[in-house]
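To start, the structure under review is shown below, and the notes come after it.
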Amino acid sequence: MNHKPEPLQHIVVVGQGLVAAGAAVTLAKMLRPFATRISWVQVSTETNKAGIAGAEVADPALGRWLEMIGLPEAKLLHQCQGLYSLGAEYRLESKQFFVPHASHGIQPSPAPFEQEFFKRFSGPEQLAFSEHFLATRAAAKARFAFPAKDPRSARSTLKYGLHLERAALVEAITAHAQNLGVVCQSTDSLQVHGDPQRGIQALSLDGGIRLEADFFIDATGESSRLLGQALGVEFQAQSRSLWPYRITFSEPAESPLKPRSEFARIAGGWRRRAGLRDKTIVDAWLCDQAALDRLEASLREQGCEFASWQQTEGARAQGWVYNCLALGGADAQPGELVLSQWYWACRCLLLWLELLPSGGDQTHLRAEYNRRRSLLYQRLNEVHWMHAAGVECAHADLPADLKWRLDVFTRLGRLWRRDEEVLADEAWLSLALGLGWHAGAYDLTLANIDPKQLAQKHRAIYQTLEREADTMPFLEAVLKDPTTTRFKQNNDG
Amino acid sequence: MASPLAKKIVIVGGGTAGWMSAAAFARLLPSECKVTLVESQQIGTVGVGEATIPHIRYFNQLLGIPERDFMRETQATYKLAIEFTGWGNASSRYMHPFSAFGADLGGVDFHHHFLTARAIGSNAALDDFSLAAQLARGNRFAPPPDEPGLGYGYAYHLDATAYASFLRRYAEARRVVRREGKVERVTTAPNDGRIAALVLESGEVIEGDLFIDCSGFRSLLLGKTLGVSFESWRQWLPCDRAVAQASEPLTPLPSYTRSRATASGWQWRIPLQHRTGNGQVYSSECISDDEACAQLQRALNSAPLSDPNFIQFEAGYRTHSWEKNCVAIGLSSGFLEPLESTSIYLIQMAIVKLVEFFPDADEHISREAFNRWMGMEYRRVRDFLVLHYHLNRRQDSDFWRYCADMNIPASLQEKIELFRESAVVQHYDQGLFAQPSWLAVYFGQGLVPLGWDSRAASVSADKVARTLHGLASQLQTMAERAPAHAEVLARGGLKREPPAAMNLYGGGRES
C-alpha cells in the first residue's frame with residue numbers, strides 16, 4: 001500500500017439551472033461528511049433555455065435521488081405543482097399505447113411473459129402486452145397508488161415518476177444545497193484559467209475574486225465553458241440532427257389530472273404534454289425551421305407565450321478530463337425526448353461518485369468513467385433514434401447497435417442484452433412494440449401451448465388488473481389527501 | 001412463425017456436451033423437432049467439467065431434475081469455492097467463493113474499507129468476509145441464509161461421465177433417439193456447403209436440418225468439415241497438457257475445489273463422494289508427460305484408483321461456433337482450461353442461447369446473435385483465466401516468469417491497470433465473472449492498489465477495525481454452526497433445494 005488516499009478538498013460547480021443545482025446538492029450530501037468543501041458559482045450570463053417555464057418529467061430514478069439527497073418528496077411535489085406519473089401515453093395517428101414505469105410482475109412460466117403475446121399475436125396486436133400492467137390500467141382511469149411492499153399485491157409492480165415545475169425544483173434544490181453548506185457565489189464575469197495540458201487551475205469571478213479548487217464540475221450547458229472552451233475538448237455532432245428545434249409553452253391543466261405524460265406525433269416531430277397541478281407544460285421537438293415557424297405562428301395566433309431555441313445533438317470526445325467533469329449539456333446532448341437532461345447528468349454524476357477520484361491524477365479511473373459514459377450516451381441517444389425511425393430517418397440509417405438490437409427483436413423476438421442499459425426491459429419492449437417493431441418469433445417452449453389457453457390467462461390477468469385499478473384512488477385525491485401520503489411513508493418504512 | 005425451421009436435429013458426440021444438449025432440447029424444443037444423437041462406444045469422452053459453477057443448478061431445475069436424484073446418480077458433492085494455493089507466491093493461499101465479500105458500507109464498496117483496514121495494520125484476508133469461504137475452509141456446507149448480504153451460490157463436483165449417462169436416460173425417455181456408431185464421413189450440399197448428412201461406418205445415413213457438433217477436440221463438423229478456423233490463445237494460456245488420475249475419496253470431505261500451482265503448471269483436486277479427481281495441467285515445453293505424472297502422483301492425498309489419463313489441448317476458440325447449419329457446443333467450439341470450472345458453464349450458455357435464438361425463418365440472424373454472444377463469453381472468461389497466470393509472483397521457473405512478463409490482451413491490461421491505480425474493478429453487466437471474482441484474484445495474488453476510495457480512508461481506524469472484526473466473527477460463528485459437508489451428503493443432500501438463478505454469487509447480479 002503506497003499511501004492513504006486523500007479526499008478532494010474543494011469542488012467547484014459552475015453553471016446554473018437544474019444540472020448545476022442538482023450536482024451541487026448531490027456532492028454536498030455525498031462528500032461533505034468527508035470534509036470536502038462544495039462551492040457553486042452561478043454565472044448570470046449562462047442561461048438554460050430549457051429551464052424557461054419547463055417541466056422536469058422524471059422517471060422513478062428521480063425519487064431514489066431525492067431520497068438520497070434527503071429532500072422530502074411530498075413537500076417538493078407541493079412546491080413544484082407536481083404530479084405523480086405511472087408512465088407515458090403515446091397517441092399516434094393510428095394507435096395509442098402506454099410505456100409504463102412499472103414491471104408486470106409475472107414470473108416466466110417457463111417463457112418470459114411478453115413471449116406469450118408474441119405467440120398469440122403477430123404484428124400490431126402484440127401491443128396487448130403493454131395493456132397487462134397495472135400502471136397502464138390505472139393511468140387510463142386517472143388513478144394512482146403508491147407501490148406496495150407485499151410482493152403478492154398487484155400494486156407491488158408499480159413504480160412512479162414525477163412531473164415537477166422545473167424553476168421551482170431548481171429553487172427548492174438550491175435552498176437545500178445551501179442548507180447542506182454549499183457556498184453559492186453569483187458572478188457576471190467568469191474567466192477560466194486552465195489549459196488542455198494541465199486542466200483547470202482557477203476561476204476569476206466579479207471583483208477580482210480568484211477561486212481555486214482541486215476539482216471542477218462544468219454545468220454551463222452547451223457553452224461548456226470549462227471542458228469545451230478552456231480545455232478544448234471537441235464537441236462531436238451527431239451524424240444527423242433529428243430535432244434541432246425545440247419549443248416550450250404551457251396550456252391549461254387537464255381535468256381530471258392523469259398520472260402520465262402524453263406523447264404525440266406532430267408535423268415535423270414530437271410533442272409531449274406533461275401535466276402539473278395548475279397547468280400543462282408542452283414541449284415539442286422539431287426537425288426543421290419550417291415546422292418551428294408553423295407552430296410558432298399558431299401559438300402567436302392563440303396568444304400563447306412560448307420559448308424556442310436550437311440544440312445540437314452530439315457529445316464531447318470525453319466527459320471527464322484532468323480535474324474537470326462536464327455534466328448535462330456541457331458534456332453532451334443525447335436527446336431529451338424520453339429521459340431528461342437531468343437524468344443524463346445525474347447518471348454521469350453518480351457514475352463519477354461511484355468511481356470517485358482522490359487527490360492525485362488517476363488516468364485509468366478517468367478512462368473507465370469515459371468508457372462507461374460513452375455507453376450511457378449511446379443508450380440514451382438510441383431512445384431518440386427509435387422515435388425518429390421511419391419518419392426522420394430510415395431503418396438503415398439507425399445507429400448500428402440499435403439496428404442490431406431491433407433486428408434481434410423483430411426476427412427472434414428477443415432482447416439483446418448489453419451493458420449500461422437505460423430503459424427497463426418492459427419499458428423498452430412497450431416502446432418498441434408501440435413504435436412499430438414487432439417480434440417475429442416467440443419462445444419455443446410455448447410452441448405446444450394452445451393460444452386459447454394463453455388468451456384465457458391474459459383475460460384473467462387483465463380483469464384482475466382492472467379490478468385492482470378500480471380500487472385505487474384518483475390521482476387528484478392522492479394529491480389532496482395527506483393520509484394517502486402518510487400511507488406511502490409508512491409503506492416505505 | 002409457428003414452426004421452427006430446423007425440424008431434424010442431429011447431435012454428434014455423447015459426452016457431457018452432447019447429452020446436456022440432448023436433454024435440454026428434449027425438454028425445451030417443440031415436439032415436432034426430432035432429436036437424434038450419434039455416439040460411439042469406441043470413442044472415449046474427455047469427461048470435462050467435474051467441477052462446476054452455480055449456473056448448473058439452474059440448468060438442472062430447468063430440466064426438472066431433483067437435486068437429490070442428481071447427487072445420488074452423479075456421486076456429486078457440494079462446492080462453495082475454489083481454493084488457490086501457490087498462485088501468488090509459492091506460499092500464498094486464497095479462496096474464490098461463489099459470493100461477494102462483505103457488503104458496502106456507507107455506499108462505498110466493502111473492499112475499499114478492507115484496504116483501509118490493511119493500511120492500519122489488519123492482517124485479515126478477504127475470504128474472512130465471505131460466509132461461503134468460511135464454510136469451505138471448515139469443510140462444511142449449508143444452504144444460503146436469507147439474510148441480506150450473507151447469501152452465496154453453490155455448485156457441485158460431479159462425475160461427468162455419470163452425469164452424461166444420467167442425462168442420456170432423461171433424454172431417451174423424452175423422445176431423443178440414440179444411434180450407436182462412428183461417423184465415417186460427413187456429406188455436404190454441393191450448392192451451399194451446408195451439412196446434409198452423416199454417414200456412419202455401418203453405412204447408415206443420418207440426415208438433418210441442424211447439426212450440433214459435440215465431438216470434442218476433434219471438432220468433426222465445425223472444424224474438419226466446415227473448416228472454421230481455430231483462434232489459439234496459447235500465448236496467454238500456455239498450458240497444453242493435462243494428466244488426470246482418480247484416487248480414494250477424501251476425509252474430511254472438502255466443499256471446495258483445490259487448485260495448487262506447481263513449478264510448471266497447476267494441479268486440481270476435485271472431491272466426489274466415491275473418489276477424488278486429481279489432475280496436473282502443464283506446458284509440454286516445460287516438463288515431460290512422465291515428469292508431470294510423477295508430480296501429480298507425489299501430490300495425491302489418497303490412494304490411486306485408476307491409471308493416469310493424458311489429455312492434449314490448446315487454449316482458444318473457433319471464431320464462429322455456428323457456421324451454416326452446424327453449431328459447435330463444448331470442446332468442439334473452444335477450450336479454456338479448467339482453472340475456474342467454466343467448461344460446463346460454456347456448454348450450458350451455448351445451449352441456452354441456441355434455444356433462445358433458435359432459427360425460424362431466417363437462420364442468418366440466429367447465427368450472428370449466437371456467435372456474437374458466445375464470442376463475448378469466451379473472451380471475458382479468457383481474460384479472467386489469463387489474470388491468474390499473469391499476476392503470479394513466483395520466481396521458481398521460466399514458466400511463471402514467462403506468464404508474469406507476457407503481453408496480455410489489451411482488454412485485460414486495462415482492467416489490471418485500473419485496479420492497480422484505484423482499486424476499481426472494471427464494470428460490465430454481461431458475461432460471467434463480476435467484481436467479487438476479480439477481487440478474489442487481485443487480492444489473493446497480491447496485486448496491491450496504489451489508491452482506493454478516499455471515503456473509506458476517511459473512516460476512523462477504530463471504527464473500521466471494529467466493523468470488520470465484527471463481521472468476520474459473525475461469519476465464523478455461522479460457519480462453525482453449519483454441519484460438516486460429509487454429514488449433509490450422508491443424508492442424501494439438502495431436503496429442500498433453494499431456487500436457482502443464472503447467477504454466480506447467489507443473488508443480486510444476473511450474469
> Looking at A:Arg411 and B:Ile365, what are the two nearest heavy atoms and their distance?
Replying inline: CB-CG2, 3.9 Å
>> Tell me whether the count of non-hydrogen atoms from other residues, nucleotides or ligands lying under 6.0 Å of CZ in A:Phe34 goes above 12.
In response: yes
>> Heavy-atom cut-off 4.5 Å, strictly under: side chain, backbone, both or neither for A:Pro7 against chain B?
In response: both
> Would you find more than 12 non-hydrogen atoms of other residues, nucleotides or ligands less than 6.0 Å from A:Asn448 atom CG?
Replying inline: yes
>> Need one label for A:Leu31: side chain, backbone, both or neither, based on atoms under 4.5 Å from any heavy atom in chain B.
In response: side chain
>> Measuring from atom CG of A:Leu444 to atom SG of B:Cys33, what distance do you get when rounded to the nearest 0.5 angstrom?
In response: 7.0 Å
> Roughly how far, to the nearest 0.5 Å, is CZ of A:Arg366 from OG of B:Ser422?
Replying inline: 10.5 Å
>> Please evaluate residues B:Ile120 and A:Lys4 with respect to the criterion side chain to side chain contact (heavy atoms under 4.5 Å, CB included), reporting the C-alpha separation (whole Å), side-chain torsions for both, the decisive distance (0.1 Å), and the verdict.
In response: CA-CA 10 Å; B:Ile120 57 175; A:Lys4 187 176 167 182; over 6 Å; no
> Among A:Leu412, A:Val408, A:Leu446, who wins on heavy-atom pairs under 4.5 Å with chain B?
Replying inline: A:Leu412
>> Between A:Thr36 and chain B, with a heavy-atom cut-off of 4.5 Å, which part of the residue counts as in contact: side chain, backbone, both or neither?
In response: neither
> Can you check whether B:Phe419 reaches A:His364 side chain to side chain, under 4.5 Å on heavy atoms?
Replying inline: no
> For the residue pair B:Ser454 and A:Pro357, what are the closest heavy atoms and their distance?
Replying inline: OG-O, 4.5 Å
> Checking A:Arg417 against B:Trp373: charged group under 6.0 Å from the ring centre and within 45 degrees of the axis?
Replying inline: no
> Quick one: which residues of residues 419-427 of chain A reach chain B at under 4.5 angstrom, heavy atoms only?
Replying inline: A:Asp419, A:Glu420
> What salt bridge (charged side-chain N to carboxylate O under 4.0 Å, His left out) pairs are there with at least one residue in residues 436-449 of chain A, not counting sequence neighbours?
Replying inline: A:Arg414-A:Asp443
> Can you tell me if B:Glu32 uses its side chain to pair, donor with acceptor, with the backbone of A:Ala447 under 3.5 Å?
Replying inline: no
> Any idea which heavy atoms bring B:Ala369 and A:Trp416 closest together, and the distance?
Replying inline: O-CH2, 3.4 Å
>> I'd like to know whether B:Glu421 forms a side chain to side chain contact (heavy atoms under 4.5 Å, CB included) with A:Leu365, so could you lay out the CA-CA distance, the side-chain angles of the two residues, the decisive distance to 0.1 Å, and finally the verdict.
In response: CA-CA 8 Å; B:Glu421 178 194 81; A:Leu365 197 68; 3.5 Å; yes
> Of the backbone (N, CA, C, O) and the side chain (C-beta and beyond), which part of A:Arg418 lies under 4.5 Å from a heavy atom of chain B, both, or neither?
Replying inline: backbone
> CG of B:Leu418 to CG of A:Leu355: how many Å apart, nearest 0.5 Å?
Replying inline: 7.5 Å
> Heavy-atom distance under 4.5 Å to chain B: side chain of A:Gln362, backbone, both or neither?
Replying inline: both
